[in-house]
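Here is the structure we will look at, set down as structure tokens.
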There are 2 protein chains.
Amino acid sequence: MSEQERRIPEATVARLPVYLRCLVELADERTPTISSERLADMAGVNAAKVRKDLSYLGSYGTRGVGYDVEFLLYQMSRELGLTQDWPVVVAGVGNLGQALANYGGFTDRGFPVGALVDVDPDKVGTSIAGVIVRHLDELPELVASKGIAIGIIATPPTAAQSVAEKMVEAGIGSILNFSPSVLGLDPEVSVRKVDLAVELQILSFYRRRADGPASLGPDGPQR
Amino acid sequence: MSEQERRIPEATVARLPVYLRCLVELADERTPTISSERLADMAGVNAAKVRKDLSYLGSYGTRGVGYDVEFLLYQMSRELGLTQDWPVVVAGVGNLGQALANYGGFTDRGFPVGALVDVDPDKVGTSIAGVIVRHLDELPELVASKGIAIGIIATPPTAAQSVAEKMVEAGIGSILNFSPSVLGLDPEVSVRKVDLAVELQILSFYRRRADGPASLGPDGPQR
DNA sequence: GTGGCTGTGTGCACCCGTTCACAAAGTCAC
DNA sequence: GTGACTTTGTGAACGGGTGCACACAGCCAC
Ligand SMILES: NC(=O)c1ccc[n+]([C@@H]2O[C@H](COP(=O)([O-])OP(=O)(O)OC[C@H]3O[C@@H](n4cnc5c(N)ncnc54)[C@H](O)[C@@H]3O)[C@@H](O)[C@H]2O)c1
Ligand SMILES: NC(=O)c1ccc[n+]([C@@H]2O[C@H](COP(=O)([O-])OP(=O)(O)OC[C@H]3O[C@@H](n4cnc5c(N)ncnc54)[C@H](O)[C@@H]3O)[C@@H](O)[C@H]2O)c1
């Protein structure tokens with residue numbers, strides 16, 4: 001696995017953020033190195049999988065020792081594009097949108113809330129977590145001026161498709177969709193969907209089956 | 001594929017709720033039948049996949065015609081265990097917990113909020129969406145009296161593991177975890193995790209790669 | 001009834017991802 | 001320097017999921 005341009009498998013990409021969080025934790029407690037075995041435990045996956053996943057980033061381990069936490073943390077952040085901030089815009093500041101806007105965890109991880117938009121005149125102009133809610137129509141200017149890269153959809157499902165299209169028009173190329181609706185967009189645009197009702201229904205399925213196999217999460221086994 | 005006990009693949013289970021939502025939409029607009037092709041379009045998947053998925057439920061289609069919407073809806077609801085309600089408890093009524101409690105979409109889909117629990121004395125005793133917040137310690141009685149089947153964790157990550165254990169002790173067998181923490185529980189317990197920061201980081205990865213392949217969602221391609 | 005048409009159900013080949021197992025690389029004690 | 005020990009990196013086997021392709025079931029028109 002030399003220094004060529006490796007293509008990282010989809011499944012691995014989905015696990016990198018989990019490893020990343022483990023590494024942050026380890027770095028916080030000043031652990032200098034970590035073996036694939038222990039990291040696997042923390043992340044709830046198989047050790048061989050950890051090694052294979054990490055090997056896509058490069059041969060950063062030391063045989064007989066493990067991985068240098070700080071170094072791996074840096075390499076992984078770089079690979080995930082987390083060496084820079086990615087401001088997000090939240091569309092729809094209802095129940096969920098407000099919770100997202102008030103949540104500090106995103107900003108901490110490099111995803112500051114650059115803008116909030118809604119169409120409700122009662123909401124436009126109000127301020128949430130220090131950010132003033134703007135009208136959806138101002139999206140293009142907001143995206144341009146704040147350097148917004150990611151759009152989060154927290155509108156009712158009926159509005160989702162049109163909001164998504166406006167985001168794409170405004171230059172956004174990555175969308176996280178919380179509404180239970182299937183978006184039809186240019187395949188160039190990266191879309192991820194979080195559908196809470198779907199999660200509950202999957203749990204319901206396994207429950208009904210008198211405890212079938214422990215369910216798997218979005219991206220592999222969970223613990 | 002006779003009337004024997006079919007084992008439905010994990011990947012199929014994750015898609016059934018998506019089909020279900022499409023069917024509900026179709027039923028609402030009084031569409032009598034639907035072809036795999038059209039349903040595939042609506043769900044954003046491949047038509048052959050739809051047919052194979054549906055075939056696990058039984059041979060409910062009519063060749064040359066398609067599937068009877070109402071009938072399929074019923075069969076699928078039954079298979080997903082949605083012919084009954086599954087009350088949920090939300091642990092942690094902060095930003096996210098309150099948004100969840102206020103959200104009507106769960107109750108509509110058969111997942112009423114049976115209880116809310118927290119440990120903050122300022123929150124215990126208050127009422128959210130008509131449900132009084134109780135102390136975490138009351139979980140066992142609440143689970144028993146309200147027939148709660150599913151636990152939703154919306155506490156800070158540090159509390160997640162201990163809350164999860166208390167849920168399991170109280171008799172809960174299915175958990176939806178919103179905190180960014182890896183839970184270690186009896187494999188009998190079904191756990192699903194929704195980690196918003198992970199989703200954003202995955203988007204960040206593909207964005208950095210100057211628009212790699214459109215990302216895939218939790219369970220397959222998305223649109 | 002017959003023929004034509006539409007769309008299901010599924011066999012099959014392929015691909016991606018997982019896991020095992022082990023050689024090689026590196027560390028450390030002496 | 002040598003040897004024992006630890007842990008990586010990866011080849012190879014396996015398993016599950018996807019999507020093509022097509023036989024054939026069922027409907028409709030006449
Ligand atoms: N609240 C939850 O816990 C929760 C859980 C699961 C899913 N969801 C989904 O998230 C979405 C939002 O849920 P919610 O509870 O926050 O709903 P909500 O009704 O509280 O808020 C929706 C907000 O979107 C705004 N809006 C409507 N049309 C818009 C448009 N075209 N552009 C911009 N904003 C617009 C509304 O003014 C409102 O402020 C829904 O699709 C819902 O299904 C929410
Ligand atoms: N708010 C969001 O939009 C958002 C987004 C992504 C992830 N999350 C995750 O969801 C979780 C909750 O986020 P939040 O923003 O609502 O946090 P929050 O701090 O607003 O609320 C947490 C609540 O949990 C309660 N709590 C603490 N310990 C508890 C315990 N042992 N048992 C029961 N309740 C307890 C607190 O009293 C508080 O009410 C966090 O893990 C966070 O990382 C939240």
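Letters A, B, ... mirror the listed sequences (proteins, then strands); counts begin at 1.
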[atom1] of [X] versus [atom2] of [N]: gap in Å, rounded?
X: Leu72(B); N: dG7(C); atom1: CG; atom2: C1'; answer: 15 Å
X: Leu54(B); N: dG9(C); atom1: CG; atom2: P; answer: 8 Å
X: Glu10(A); N: dG17(D); atom1: CD; atom2: P; answer: 16 Å
X: Ile34(A); N: dT6(D); atom1: CD1; atom2: P; answer: 17 Å
X: Lys49(B); N: dC12(C); atom1: NZ; atom2: C1'; answer: 17 Å
X: Glu37(A); N: dT6(D); atom1: CD; atom2: P; answer: 13 Å
X: Leu39(B); N: dG9(C); atom1: CG; atom2: C1'; answer: 15 Å
X: Leu57(B); N: dT8(C); atom1: CG; atom2: C1'; answer: 14 Å

Original post:
Side chains of Tyr19(A) and Asp53(A): is there a donor and an acceptor less than 3.5 Å apart?
Top reply: yes
Only distances under 3.5 Å count here; give the side-chain donor-acceptor pairs of residues 157-164 of chain A to other protein atoms, sequence neighbours excluded, each with its distance to 0.1 Å.
residue	atom	partner	partner atom	Å
Gln161(A)	OE1	Gly184(A)	N	3.0
Gln161(A)	NE2	Glu165(A)	OE2	2.6
Gln161(A)	NE2	Gly184(A)	O	2.9

Does a nitrogen or oxygen in the side chain of [X] sit under 4.0 Å from OP1 or OP2 of [N]?
X: Arg15(A); N: dT18(C); result: yes
X: Asn46(B); N: dG17(D); result: no
X: Tyr67(A); N: dG9(D); result: yes

**OP:** Would you please test Tyr67(B) and Gln75(B) for side-chain hydrogen bond (donor to acceptor under 3.5 Å, both in side chains) and show each step?
**Re:** CA-CA 11 Å; Tyr67(B) 301 85; Gln75(B) 292 297 339; over 6 Å; no
Subject >> Gap separating the CD1 atom of Ile150(A) from the CG atom of Leu203(B), nearest 0.5 angstrom >> reply: 5.0 Å
Subject >> 5' priority, DNA chain C, between Thr12(A) and Gly61(B) [closest heavy atom] >> reply: Gly61(B)
Original post:
Sequence neighbours excluded, which residues qualify as ring-ring contact (aromatic ring centres under 6.0 Å, His included) partners of Tyr74(A)?
Top reply: none
**OP:** Would you mind checking if Lys193(B) and Glu199(A) are paired as a salt bridge, meaning a charged N to carboxylate O distance below 4.0 Å?
**Re:** no
Original post:
Does anything in residues 20-33 of chain B reach DNA chain D, meaning a heavy atom under 4.0 Å, and if so which residues?
Top reply: none
Original post:
If you check every side-chain atom of Ser36(B), which of dT8(D), dG17(C), dT8(C) has the closest atom?
Top reply: dT8(C)
Original post:
In the 5'-to-3' direction, what one-character label does each nucleotide of nucleotides 22-30 of chain D receive under the scheme B = base within less than 4.0 Å of a protein heavy atom, S = sugar-phosphate only, - = no such atom?
Top reply: --BBSS---
Using distance only, find each side-chain donor-acceptor pair of residues 24-39 of chain A under 3.5 Å and give its atom names and separation, not counting sequence neighbours.
residue	atom	partner	partner atom	Å
Arg30(A)	NH1	Ala27(A)	O	3.3
Ser35(A)	OG	Arg38(A)	N	3.2
Ser36(A)	OG	Arg51(A)	NH1	3.0

Original post:
Who pairs with Arg109(A) by salt bridge (charged side-chain N to carboxylate O under 4.0 Å, His left out), at least two apart in sequence or on another chain?
Top reply: none
Subject >> Heavy-atom donor-acceptor pair, Lys52(B) side-chain to dT10(C) base, under 3.5 Å >> reply: no
Original post:
Ring centres of Tyr60(B) and Phe71(B) under 6.0 Å apart?
Top reply: yes
